[in-house]
Each structure stands twice: as structure tokens, then as C-alpha cells.
Amino acid sequence: MIGVFRTRTLGRYIAGKFLMGILATMLLCSILIYLIDFVELLRQSGKGGDVPLYMLVGIALLRLPAYVEILIPFAVLVGAIMALLNLSRSSELTVMRAGGMSVWQFLRPGILVAFIVGALTVTVFNPLAAAGRDLSEDLFAEVFGRETNLLRSRSGSSWLRQNGADGQSVMSAAIAKNRGLSLLGVSVFVFDGDGRFVERVDGKSADLHEGYWEVKEAWVVRLGREPEKFDIYLVSTYLTPERVSDALGTLLSVSFWELPALIEVAEKAKLSASRLEVQYEALLSRPFLCAAMVLLAATVSLRSFRGGGIQTMVITGLVGGFGFFLLMEVSRQIGVAGLAPPWAAIWLPVVLVIIVSASVLLHQEDG
């Protein structure tokens with residue numbers, strides 16, 4: 001009974017070390033990301049006119065969780081390396097090994113912590129990050145959408161080709177929000193059924209309705225005629241909200257709980273759901289990915305400090321982590337392009353790193 005109590009106490013102690021390492025890494029990443037994003041917002045506000053400082057602070061804070069979420073597996077990797085190195089530096093790992101604990105026994109609390117962190121970021125943190133990102137897009141559009149002429153000259157404009165009852169048109173938007181259903185800084189080039197240019201429409205904003213875009217504060221220019229101003233101008237389209245969201249929307253503002261319904265809607269509309277399915281599989285695999293990062297960290301962090309070579313091993317682990325994340329991104333893009341099933345594009349790299357890391361640990365442990 002006493003042995004079981006001591007084992008549980010030791011497990012909680014090790015779990016706390018891993019949790020503190022992961023949280024410390026996430027905090028450091030959050031500070032760096034926030035500062036970089038805030039400086040970029042300051043640069044944009046300098047071009048777009050006077051913007052209240054509190055608005056920039058608010059936008060950066062609302063966007064922060066969505067950016068931090070991307071780095072969670074990396075934070076688990078670095079945090080696990082930190083935790084294991086601290087245990088090794090204080091000779092606690094040596095004492096545990098001398099007491100008969102195997103590598104799997106003292107890694108088990110860390111793997112459990114990483115798995116729980118991954119699960120919580122998917123089920124709780126992701127919806128909050130998506131809601132914050134969605135609200136930040138509205139604030140960004142409100143603040144920076146005032147200077148539409150300036151924004152329209154930026155290189156990041158979104159372009160959309162569409163058909164409608166009045167013919168084809170090509171639409172450009174400086175800012176897309178509400179998953180692409182509301183646009184700011186709009187320019188539309190309208191052509192007739194024979195492909196001849198008819199008119200150009202420039203508006204402050206545009207909202208998608210059934211069968212048409214409602215362009216507000218629109219200037220319409222036609223060949224041989226003076227520009228005309230309209231409070232509301234309609235541009236026909238056959239595009240559905242699902243297709244527009246797929247073209248202009250961002251997955252950062254879609255939560256884990258909304259993805260199954262969106263995938264079902266896209267499939268019923270005969271649209272490609274690869275991007276949504278890949279994102280869904282990526283979120284489902286995150287707890288296992290975080291657990292795999294602990295195994296990867298252990299392959300480079302269990303050597304005794306007295307043996308030397310710790311710095312080389314840690315750098316090797318970080319380089320290996322970056323290489324793995326690069327492989328994950330390449331595999332993800334293959335899945336988005338439809339060249340591989342979404343589950344295979346996401347799960348195979350995760351299974352690969354688990355197998356490789358476990359094999360290395362078995363070799364280190366048993367020779």
C-alpha cells in the first residue's frame with residue numbers, strides 16, 4: 001500500500017514537471033507571437049490613419065489564441081525536453097532508474113499530461129480561439145476597412161470568379177470576414193454573356209444573399225458614361241454560401257464542433273470537403289500528436305549530464321521536431337489537394353513518429 005502511494009506521489013510530481021514545462025513554453029510563445037502581431041498591426045495602422053491603441057491591443061489579443069493553437073505540439077515538445085533535462089540535471093532520473101523504474105514508467109505521467117493537454121486544446125481551447133478569431137476579423141474590418149482605397153492596393157486581396165443571371169464577373173475584396181460571406185473594399189468587373197466588359201463596381205462592402213451580392217456605397221463605371229453612385233447595388237451570382245466559404249473563408253475561425261456539420265453540408269452540395277476533413281482529422285489526432293512529442297523529446301533528453309553531449313542531443317531533437325512538423329505540413333497539403341485520404345495524410349506521420357521514437361527508446365533502454 002505504501003509503495004502504491006509513493007508511486008502515485010512520484011507520478012504526480014513528474015506530471016507537474018511536464019505540465020510546468022509545457023505551460024512555460026506556451027507562455028513564452030504567446031508573448032513572442034503577441035509582440036510580433038502587435039507590431040504588424042502598428043505598422044498597418046500607420047499606413048491606414050489614426051487607430052486607437054486599445055483597438056490594436058484588443059485585436060491582437062483576440063487573434064492570439066488561434067496563433068498559439070498552431071504551436072501547441074511544438075510547445076509540448078520543448079516543454080517535455082525542458083522537464084526531462086531538469087530531472088536529469090538534478091539526478092532525479094538517475095535515482096528513479098536506480099530504484100527500478102523503467103523509461104516507460106517515468107514517461108507515463110508526461111504522456112498522460114500531453115494527451116490531456118491535446119484533448120483540452122481541441123475540445124475547449126479551439127472553440128474559444130475560433131470565436132476570438134471571428135470577432136477579431138470583425139474588429140479588423142471595422143478599423144482597417146475605412147480606408148478601402150489603401151487596402152485595395154495591398155497584395156493580399158482575395159479574388160473570386162463567378163457566374164450569375166447577368167453574366168460572368170470577377171470580384172476582388174480587400175478583407176473577407178464571416179467566412180467570406182461579408183467583404184470589404186470590393187471591386188467587381190462584370191461581363192455579359194458573350195464575355196464583353198459591361199461595368200466596374202467599386203463598393204465599401206458586399207454581403208452575399210441568395211442569388212446576388214448586395215454592394216453598399218457603390219460606384220458604377222460603364223463605358224462611355226459618367227460614374228454613378230448607388231447606396232445599394234446588386235450583382236448577380238450563382239455562388240452558394242458553402243462555395244464562397246470554401247474559397248474565401250479561413251479555418252482558423254471554424255471550431256472543432258462545427259466541422260462535422262460543415263463537412264456534411266459541403267458533401268451534400270457536391271463540393272470538395274478535403275480541406276475541412278483534413279482540419280477535422282488534424283484536430284482529432286492532436287492528443288496523440290502531443291503524446292508522440294513526449295516520446296520524441298525522451299529520445300534526446302535521457303542522457304546523463306555527466307556523459308556530456310547534452311547540447312548536441314537537444315539540438316538534434318529540435319531539428320528533428322522541425323523536420324517532423326515540415327513533414328506534417330507537406331502531408332497535410334497532399335491531403336488538402338485530394339492526392340491522399342484525409343485520415344492518411346494526418347495520421348500516418350503521427351503513427352510514424354510514435355513508432356520511430358518508441359524504437360529509439362527501446363534501443364537506448366535495452367541496447
Novice: Between Thr299 (side chain only) and Leu361 (backbone N and O only), is there a donor and an acceptor less than 3.5 Å apart?
Specialist: no

Novice: Is there a side-chain contact between Phe322 and Phe74 (heavy atoms, below 4.5 Å)?
Specialist: yes

Novice: Could you verify whether a donor N or O on one side chain and an acceptor N or O on the other, from Ser255 and Asn126, lie under 3.5 Å apart?
Specialist: no

Novice: Cluster question for you: counting only ILVMFWY and a side-chain heavy-atom cut-off of under 4.5 Å, with indirect links fine, are Leu85 and Leu23 together?
Specialist: yes

Novice: Given side chain to side chain contact (heavy atoms under 4.5 Å, CB included), test Asp37 with Leu64 step by step and report yes or no.
Specialist: CA-CA 8 Å; Asp37 191 34; Leu64 179 61; over 6 Å; no

Novice: Run the side chain to side chain contact (heavy atoms under 4.5 Å, CB included) check on Leu77 and Phe324 step by step: do they pass?
Specialist: CA-CA 11 Å; Leu77 173 63; Phe324 170 72; over 6 Å; no

Novice: Can you tell if the side chain of Trp104 reaches within under 4.5 Å of the side chain of Leu295, non-hydrogen atoms only?
Specialist: yes

Novice: Given side chains that start at C-beta, do those of Met26 and Ile22 come closer than 4.5 Å, heavy atoms only?
Specialist: yes

Novice: Salt bridge check, Glu228 against Arg222: does any charged N sit closer than 4.0 Å to a carboxylate O?
Specialist: yes

Novice: Find out whether Leu84 and Val300 are in side-chain contact, i.e. whether some heavy atom of one side chain is under 4.5 Å from a heavy atom of the other.
Specialist: no

Novice: Could you tell me whether a side-chain N or O of Thr123 sits under 3.5 Å from a main-chain N or O of Ala119, the two making a donor and an acceptor?
Specialist: yes

Novice: Would you call the rings of Phe288 and Phe115 parallel, tilted or perpendicular, taking 30° and 60° as the class edges?
Specialist: perpendicular

Novice: Quick one: does Leu28's side chain get under 4.5 Å of Val78's, heavy atoms only?
Specialist: no

Novice: Between Met293 and Cys290, is any pair of side-chain heavy atoms under 4.5 Å apart?
Specialist: no

Novice: Considering non-hydrogen atoms only, spot the tightest contact between Phe191 and Ser169 and give its length.
Specialist: CD1-CA, 4.5 Å

Novice: Do Val188 and Tyr233 have side chains that get closer than 4.5 Å, going by heavy atoms?
Specialist: no

Novice: Let me know which of Ile81, Leu296, Leu87 forms a side chain to side chain contact (heavy atoms under 4.5 Å, CB included) with Ser301.
Specialist: Ile81

Novice: I want to know whether Tyr34 and Tyr67 have ring centres closer than 6.0 Å.
Specialist: no

Novice: Keeping Thr121 on the side-chain end and Gly118 on the backbone end, is there a donor-acceptor pair under 3.5 Å?
Specialist: yes

Novice: Which is it for Phe38 and Leu56 under the side chain to side chain contact (heavy atoms under 4.5 Å, CB included) test, yes or no, and what are the steps along the way?
Specialist: CA-CA 7 Å; Phe38 184 69; Leu56 300 180; 3.8 Å; yes

Novice: With no hydrogens and no angle check, is any side-chain donor or acceptor of Ser357 less than 3.5 Å from a backbone partner on Val353?
Specialist: yes

Novice: Do Ser136 side-chain atoms and Arg133 backbone N/O form a donor-acceptor pair below 3.5 Å?
Specialist: yes

Novice: Begin with the C-alpha distance, continue with both residues' side-chain angles, and end with the deciding distance and a verdict on side chain to side chain contact (heavy atoms under 4.5 Å, CB included) for Val201 and Met171.
Specialist: CA-CA 9 Å; Val201 181; Met171 174 177 287; over 6 Å; no

Novice: Can you pull out every salt bridge (Lys or Arg N to Asp or Glu O under 4.0 Å) where at least one residue sits in residues 277-300? Sequence neighbours excluded, please.
Specialist: Glu69-Arg286

Novice: Assign the ring pair Phe256 / Tyr280 to parallel, tilted or perpendicular, where the plane angle (0 to 90°) is split at 30° and 60°.
Specialist: parallel

Novice: Report the distance from atom CE of Met328 to atom CD1 of Ile346, rounding to the nearest 0.5 Å.
Specialist: 5.0 Å

Novice: Which residue is it: Ile14, Leu19, Val294? I am looking for the one with a side chain to side chain contact (heavy atoms under 4.5 Å, CB included) to Pro109.
Specialist: Ile14

Novice: Do Val190 and Arg200 have side-chain heavy atoms sitting under 4.5 Å apart?
Specialist: no

Novice: Could you work out, with ring-ring contact (aromatic ring centres under 6.0 Å, His included) as the rule, every residue matching Tyr212, not counting sequence neighbours?
Specialist: His209

